[in-house]
Structures are given as structure tokens and as C-alpha cells.
Amino acid sequence: MVLSQPDTDRKNTPQHPQLDAAERVRLERAFRAPRARFMLGLPLVVLILVWSFVGAKFDFAKLGEGSVNMMTFVSRMFPPTWEKIGTIVSLLIETLQMAVVGTALGAVLSLFVAFGAASNIAPKWLYYPTRWLMNVIRSLPDLVFALMFVSAVGLGPFAGILAMTVGSIGSIGKVFAEAMESVDDGPMTAMRAVGASPRQVTQYGVLPQAAPLLVSYTLLLFEGNVRGATILGMVGAGGIGLELTTAMKMYDYGHLSAIVICIIVLVTVIDQLSAIIRRKIT
């Protein structure tokens with residue numbers, strides 16, 4: 001005698017969703033490696049790498065020979081000397097202030113520029129010139145902008161802030177625009193269907209979706225500006241960079257080591273705080 005399974009057991013038994021053949025093929029294609037294209041592209045990648053190594057004169061043997069000099073340089077930096085810790089702290093605070101102001105101005109200007117560089121909200125007559133402008137700015141190093149503003153407004157942190165602000169438009173502005181382009185088109189289409197203006201579509205359909213990415217990229221910009229401010233100081237644009245360059249030129253290795261340690265501590269603290277904020281918003 002065969003006992004049938006109670007109805008309650010059938011209801012509690014998990015039912016697996018059934019997929020038709022076409023849908024199963026489509027889903028499996030996402031996890032299938034394109035072997036033919038991979039095998040054809042691999043020799044090309046290797047060829048490009050070899051060509052780049054040869055053209056850049058990258059030499060592993062020379063690197064091994066120079067490692068002795070590198071270790072000698074590092075050994076001279078220990079122990080660090082802390083007689084000028086007051087100067088280091090004040091310059092690090094100035095560097096941090098430069099990064100805060102440069103990030104705030106750069107993020108705001110980059111956001112406005114990104115509105116014109118996002119293909120889903122900007123007309124073509126505005127999209128292409130804005131993209132071209134960002135490409136031009138991104139192609140120039142921040143040191144070029146720093147030298148330009150130093151000659152315009154003189155030595156000091158103001159020139160460094162202006163250089164970081166302009167440099168941010170080319171780098172983070174492009175990322176902002178791509179974040180806006182990656183949002184779901186559904187809410188935007190629905191808002192246009194009921195007669196919403198372009199400003200309303202951007203304000204209520206694009207920005208709320210892109211906000212977490214925009215905040216995350218702004219924090220990333222801030223981290224980069226803290227590190228970049230140490231470089232801009234080398235050309236007289238304020239911050240700890242000038243003191244760092246002076247210590248290297250004077251062969252004051254103990255002072256140089258103290259500066260490097262303080263920079264590492266500052267960047268590490270900022271990186272940890274940024275990671276906490278990013279976890280909160282995602």
C-alpha cells in the first residue's frame with residue numbers, strides 16, 4: 001500500500017522556478033567565457049605588453065642592481081627626527097585645508113559640468129563640447145595648472161586650491177557624468193510622459209538615483225586631493241610639498257622621514273573615515 005504525501009507537505013516543499021530553453025541559454029551566456037575571442041585577443045595583449053616593455057626600456061636586471069641604492073636611501077631615513085614636528089603639523093593642516101576647499105569647489109563645478117556631459121539628459125549641442133572640454137582639462141597634469149596659477153596669483157595655498165579645482169573638473173566630472181548615465185531610465189521616462197520639465201527630470205529622476213555614487217566619488221576625490229596637495233607644494237603651491245622637497249635637497253633624511261610618516265598617518269586616517277562613510281551610504 002502506497003501512502004500519498006499529505007497536501008501540507010506538498011505546500012511546504014520548495015518549488016524551483018521553471019525556465020524555458022531560450023531564457024536558460026540567455027542566463028548561461030552571461031557566465032560563459034568567450035573562448036574564441038579570448039584566444040584571439042591573448043596574443044595581441046602579450047604583443048602590446050612586450051612592445052610597451054621594450055619601448056619604455058623596462059629592465060629587471062637594472063632594477064635588481066638599483067635595489068641596493070634604494071635600501072641605502074631608505075636606511076638613511078631612520079631614525080626620524082622630530083625637532084620640527086610643529087612645522088610639519090602646521091603644514092599638514094594647511095594641506096588638509098587645501099584639499100577640503102579644493103574638493104568642495106571641484107565637486108560643485110564638476111557636478112554642473114556633468115549635467116552637460118551626461119548623454120541621457122544633455123542635448124547633443126551641449127554634450128560634445130562639454131566632453132571635449134573635460135578631455136582637454138584631463139590631458140594636462142595638475143602641476144601644469146599649479147605653475148599657471150602660481151604665476152597668476154603668486155606662491156601659496158591659493159594657487160594649489162585653484163589647480164585642484166580645475167583638475168577636478170576633468171577627472172571627477174567625467175565620473176559624475178557616467179554615474180548619471182548609469183541610472184534607470186524608467187523613472188525618467190515616466191516623468192517625461194506626464195510633462196515634467198528637464199530640470200524636474202534631473203532633480204527628481206536622476207540625482208536621487210546617482211546620489212550614492214556621487215558622494216562616493218567625491219570622497220575619492222578628497223583622498224586624491226590630499227595626496228595631490230603634497231605634490232603641488234613642490235612648485236610653491238602651498239602645503240607640505242615644499243618642505244618635503246627642501247628636506248630632500250638638503251639631504252635632511254631624518255626630517256624627510258618624519259614628514260613621510262606624518263603624511264602616511266594623515267592619508268590612512270582619511271582613507272578609513274572615507275571607507276566608513278561609503279559603507280553608511282551604500
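Fair warning: this is a prediction, and the values are worked out from it, not measured in the lab.
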**Q** Any heavy-atom pair between the side chains of K174 and R131 that's under 4.5 Å?
**A**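 Yes - at least one pair of side-chain heavy atoms lies under 4.5 Å apart.
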**Q** Using a 4.5 Å cut-off between side-chain heavy atoms of Ile, Leu, Val, Met, Phe, Trp and Tyr, which other residues end up in the same hydrophobic cluster as M148?
**A**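 Besides M148, the cluster holds L109, V113, L133, M134, I137, L140, F145, F149, V153, F158, L162, V166, I169.
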**Q** If hydrophobic clusters are built by linking Ile, Leu, Val, Met, Phe, Trp and Tyr wherever their side-chain heavy atoms come under 4.5 Å apart, do L207 and V201 end up in the same one?
**A**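 Hydrophobic grouping puts L207 with V201.
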**Q** Name all residues meeting the side chain to side chain donor-acceptor pair (under 3.5 Å) criterion together with R192; count only those two or more places apart in sequence or in a different chain, and write none if there are none.
**A**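 Result, side chain to side chain donor-acceptor pair (under 3.5 Å) vs R192: none returned.
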**Q** Test D142 against I231 for side-chain contact (heavy atoms from CB on, under 4.5 Å), laying out the working first.
**A** CA-CA 9 Å; D142 288 348; I231 304 299; over 6 Å; no
**Q** Is any side-chain heavy atom of L244 closer than 4.5 Å to a side-chain heavy atom of V260?
**A**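 In short, these two side chains touch, coming nearer than 4.5 Å.
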**Q** Please tell me if the side chains of T218 and I172 come closer than 4.5 Å, counting only heavy atoms from C-beta onward.
**A**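 In short, these two side chains do not touch, never coming nearer than 4.5 Å.
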**Q** Less than 4.5 Å apart, any side-chain heavy atom of M250 and any of T245?
**A**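 Not touching, per the 4.5 Å side-chain cut-off.
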**Q** Is the shortest heavy-atom distance from the side chain of C262 to the side chain of W82 under 4.5 Å?
**A**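 Yes, at least one pair of side-chain atoms sits under 4.5 Å.
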**Q** Using a 4.5 Å cut-off on heavy atoms from C-beta on, say whether the side chain of N225 contacts that of V100.
**A**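 A side-chain contact is absent here, since even the closest heavy-atom pair is not under 4.5 Å.
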**Q** Hey, any chance L147 and V144 share a hydrophobic cluster, counting ILVMFWY side chains that come within less than 4.5 Å of each other, even indirectly?
**A**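 L147 and V144: separate clusters.
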**Q** Give the table of side-chain donor-acceptor pairs shorter than 3.5 Å for residues 87-94, with sequence neighbours excluded, one pair per line with atom names and distance.
**A**
residue : atom : partner : partner atom : Å
S90     : OG   : G86     : O            : 3.3
S90     : OG   : T87     : O            : 2.8
E94     : OE2  : G239    : N            : 2.8

**Q** More than 12 non-hydrogen atoms from neighbouring residues, nucleotides or ligands closer than 6.0 Å to OH on Y251, yes or no?
**A**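 No, not enclosed.
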**Q** Please check if any side-chain donor atom of E243 sits under 3.5 Å from a side-chain acceptor atom of H255, or the reverse.
**A**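 H255 and E243 do have a side-chain donor-acceptor pair below 3.5 Å.
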